[in-house]
Each structure stands twice: as C-alpha cells, then as structure tokens.
*Asks:* 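One structure, pasted below without further comment.
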Amino acid sequence: MQRTLATPLAGRRAVITGAASGIGAAIAMAYAQAGASLVLADRNGAALQDVAATCRALGSTVHECIADVGTRSGAQAGVDACVQAFGGIDILVNNAGMLTQAKCIDLTQEMWDDMLRVDLTSVFIASQRALPHMLAQRWGRIINVASQLGIKGGADLTHYAAAKAGVIGFTKSLALEVSKDNVLVNAIAPGPITTTLVDGLSPDWKTAKAKELPLGRFGLAEEVAPIAVLLASEPGGNLFVGQTLGPNSGDVMP
Ligand code: NAI
C-alpha cells in the first residue's frame, strides 16, 4: 500500500497497548485506517478480539497479544510479538492504564505500586525493548498516553498523577536521548474522555466537571486517536519532540 494523505502509516508496524477499549481501541482503528500493520496488546483477551476483528475489516494485518503490562515480560510482549510477526517495529503507543482512587492518607503501598507498575514502569520497559530496533533503522515513534492530571494534579489521585507526571518526564528525557537518531518520543495528555476508565466516577462529579470545562463537555476517544496518527505521520509529525499534546476540552492551557 502506498503512503498517501489518507494512508499516512502504510507500511508501518505499530504496537498499541491497552488496545481493547477506549482510547487504545480508537487509536487501533485509526491506525488500521491509516494503513499500519498492528500488534494489539491488552490483558482483556475477549474485548481485544473484537477490536482486532474491526481493524482487520478495515484492511489491516493484526496480531493479538494478551499480556499484562504490569509485569516485565508482559510489558515486553507487544514489542516482541511485533518483531516476530513483522520483522521489526516502527511505532510504539504506550496507552494501557488503570485508575483507582483514594486519599493519599488512605492509599496502600499495594495501590501505589500497582499504579506505578502499570501506568509508568510499563512505559519504560516497552520503550527500552523497542529502542534497539528503532535506533538501528533510524526511524521510530514512541507515543505515551499520559494525562492532564500529570500536569495539574488531582485530589484522591496522588498515585495516578505521580505516574502520569512520570510519563511526561520520561517522554521529554528519552526524546533528548534519541531524537537525533530520528526516534521521536512524545506524549498525549488527554482531559476527561468518556471511556470505561471514567465510568466508575459518580454522575454528579461528571456533571460538575463537564461544567468546569471551557468546551463544556468530555471528549471522545475518537477525538484523541487522530493525534496519535499525526505524531506518527510524515511530514506532519516530524517536528514534535518531547511534546505533551493536550486534547483536554480546555481544562489545562500550558
Ligand atoms: P479504558 O479503561 O477504556 O482502556 C484501558 C485499556 O487498558 C483496557 O482495555 C484495559 O484492559 C487495558 N489495561 C489496563 N491495565 C492493563 C494491564 N495491566 N495490562 C494490559 N492492559 C491493561 O481507558 P482509557 O480511558 O481508554 O485509557 C487509556 C489511557 O488513557 C490510560 O493510560 C489512561 O490513563 C489515559 N487517560 C484517560 C483519560 C480518560 O478520561 N479516559 C484521561 C487521561 C488519560
């Protein structure tokens, strides 16, 4: 397939973690439409199958990888599957994430450790696994899904905000290390997006939060996914290095 404006990712081999739902699923579908070959990784195998089927129907070659990115081998599994299936990796989207809530005073060490492992350490492990391939071919794009709460903080979310601030710092620092080798590392820090991640929050909180937003509403996963396409596209993504893009309905204006 030729790379065109409609298929900017034709011939690219991409791994997307957390692809079974929400933002990751929307990125998977947008990448399939854009012409990429895909490895979709998630711990939820049943939901992953559905997203993979949709991506195949859009014309993409898709491998499913059932893995828990909270473990070292699980965080490496998507990259390994991509190298095995397609002979290399061009794009890594570190999107898998979880959300739990507790006041700092009540937060257990286990909640803290789980959050850091899934939302931050997995980003390091998967990126480190992908880098030798990207550096050797002098082309790579790493896109980390952070959160605006990594910038502004969030009450009852010290562990989540710390992990996401870590993702933003990791993104900038890795970008400084590898951009001269044409491996570009960037982050997307969404505001509130209607997905299963925020389903559990109370309707009152959601109504009040939406009123606070300059745009007056939460975003949709489909409104975030095109940013992940742009960051991996040429020439549109070529000048983004260590950036944190904010599809956040105006909640944070850095
Ligand atoms: P979601 O809950 O719809 O999707 C998350 C996906 O990650 C699920 O398919 C889940 O199975 C997978 N996942 C979770 N833990 C995993 C693990 N240990 N191993 C493998 N897969 C795992 O949530 P959403 O909203 O699509 O979240 C995607 C990313 O966007 C997350 O990193 C989240 O922190 C971030 N984000 C979401 C926002 C929102 O308002 N929805 C706002 C800001 C950031």
Side-chain angles (χ1 to χ4, degrees), residues 15-30 39-52 54-55 64-79 81 92-101 111 113-123 125-126 143-154 157 159-168 170-171 187-201 205-206 209-210 212-213 215 217-225 227-228 244-252:
V15 174
I16 302 161
T17 69
S21 168
I23 294 168
I27 293 174
M29 290 173 213
V39 169
L40 305 182
D42 205 288
R43 63 180 172 191
N44 182 345
L48 193 63
Q49 253 185 4
D50 292 344
V51 177
T54 306
C55 291
E64 293 157 45
C65 173
I66 301 171
D68 177 354
V69 301
T71 67
R72 183 171 174 80
S73 60
Q76 293 172 334
V79 175
L92 170 64
V93 183
N94 286 309
N95 163 77
M98 56 180 273
L99 183 67
T100 53
Q101 261 184 305
M111 287 171 80
D113 289 342
D114 281 352
M115 181 62 74
L116 272 282
R117 242 194 326 269
V118 172
D119 281 37
L120 177 59
T121 306
S122 69
V123 175
I125 293 172
I143 298 163
N144 299 321
V145 180
S147 163
Q148 64 164 353
L149 299 182
I151 301 167
K152 70 182 283 191
L157 291 166
H159 55 332
Y160 182 76
K164 294 301 192 181
V167 169
I168 292 170
F170 175 84
T171 300
I188 301 172
I193 308 294
T194 302
T195 69
T196 56
L197 196 83
V198 297
D199 274 355
L201 302 172
W205 183 89
K206 285 190 258 190
K209 182 71 207 175
E212 232 174 66
L213 298 171
L215 210 55
R217 66 169 179 89
F218 283 21
L220 302 173
E222 293 70 27
E223 294 172 306
V224 178
I227 301 165
T244 300
L245 304 191
N248 60 28
S249 305
D251 204 16
V252 172

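Just follow the structure's listing: the first ligand is 1, and inside any ligand the first atom is 1. The structure displayed is predicted, hence computed values, not measured ones.
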*Asks:* For ligand 1, which atoms have a heavy atom of Val118 less than 4.0 angstrom away?
*Replies:*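 What qualifies from ligand 1 is 15 (N), 18 (N).
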
*Asks:* Locate the shortest heavy-atom distance separating Gly153 from Ala161; write the atom from each residue and the value.
*Replies:* CA-CB, 4.2 Å

*Asks:* Once you restrict to heavy atoms under 4.0 Å, what part of Ala67 touches ligand 1? Side chain, backbone, both or neither.
*Replies:* backbone

*Asks:* Please state which part of Asn95 comes within less than 4.0 Å of ligand 1, counting heavy atoms only: side chain, backbone, both or neither.
*Replies:*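 For Asn95, backbone and side-chain atoms both sit under 4.0 Å from ligand 1.
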
*Asks:* Please list, in number order, the atoms of ligand 1 under 4.0 Å from a heavy atom of Gly22.
*Replies:*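 Near Gly22, the atoms of ligand 1 are 3 (O), 26 (O).
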
*Asks:* Using a heavy-atom cut-off of under 4.0 Å, does the side chain or the backbone of Met98 touch ligand 1, or both, or neither?
*Replies:* neither

*Asks:* Counting both backbone and side chain atoms, is some N or O of Val69 under 3.5 Å from an N or O of ligand 1?
*Replies:*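 Among all N and O atoms of Val69, at least one is under 3.5 Å from an N or O of ligand 1.
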
*Asks:* Judging by distance only, is a nitrogen or oxygen of Asn44 under 3.5 angstrom from one on ligand 1?
*Replies:* no

*Asks:* So how far is it from Met29 CE to Glu222 CD, rounded to the nearest 0.5 Å?
*Replies:* 7.5 Å

*Asks:* Considering non-hydrogen atoms of the protein only, which is the closest contact for atom 18 (N) of ligand 1, and what is the distance?
*Replies:*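 For atom 18 (N) of ligand 1, the nearest protein heavy atom comes out as Asp68 OD1, 2.8 Å.
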
*Asks:* Is ligand 1 less than 4.0 angstrom away from at least one heavy atom of Gly191?
*Replies:* yes

*Asks:* Any atom of ligand 1 sitting under 4.0 Å from a heavy atom of Gln148?
*Replies:* no

*Asks:* Among the heavy atoms of Phe218, does any lie under 4.0 Å from an atom of ligand 1?
*Replies:*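 No.
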
*Asks:* Going by heavy-atom distance to atom 11 (O) of ligand 1, choose the closest among Leu40, Asp42, Asn94.
*Replies:*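 Nearest heavy atom to atom 11 (O) of ligand 1 lies in Asp42.
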
*Asks:* Consider side chain to side chain donor-acceptor pair (under 3.5 Å). Of Asp113, Asp114, Thr100, which one does His159 pass it with?
*Replies:*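 Answer after filtering Asp113, Asp114, Thr100: Thr100.
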
*Asks:* Heavy-atom contacts with Ile23 under 4.0 Å: which atoms of ligand 1 show up? List them by number with element.
*Replies:*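 Matching atoms, with element in brackets: 26 (O), 30 (O), 37 (C).
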
*Asks:* Atom 37 (C) of ligand 1: which protein heavy atom is closest, and how many Å away?
*Replies:* Leu197 CD2, 3.5 Å

*Asks:* To which of Ala146, Gly219, Gly97 does the heavy atom nearest atom 44 (C) of ligand 1 belong?
*Replies:*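 Ranked by closest heavy atom to atom 44 (C) of ligand 1, first place is Ala146.
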
*Asks:* Here's a test for you: under side chain to side chain contact (heavy atoms under 4.5 Å, CB included), which of Leu40, Asn44, Asp42 qualifies with Val51?
*Replies:*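 Of the listed options, the one satisfying the test is Leu40.
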
*Asks:* Mark up the atoms of ligand 1 that fall under 4.0 Å of a heavy atom belonging to Gly70, in ascending order.
*Replies:* 18 (N)

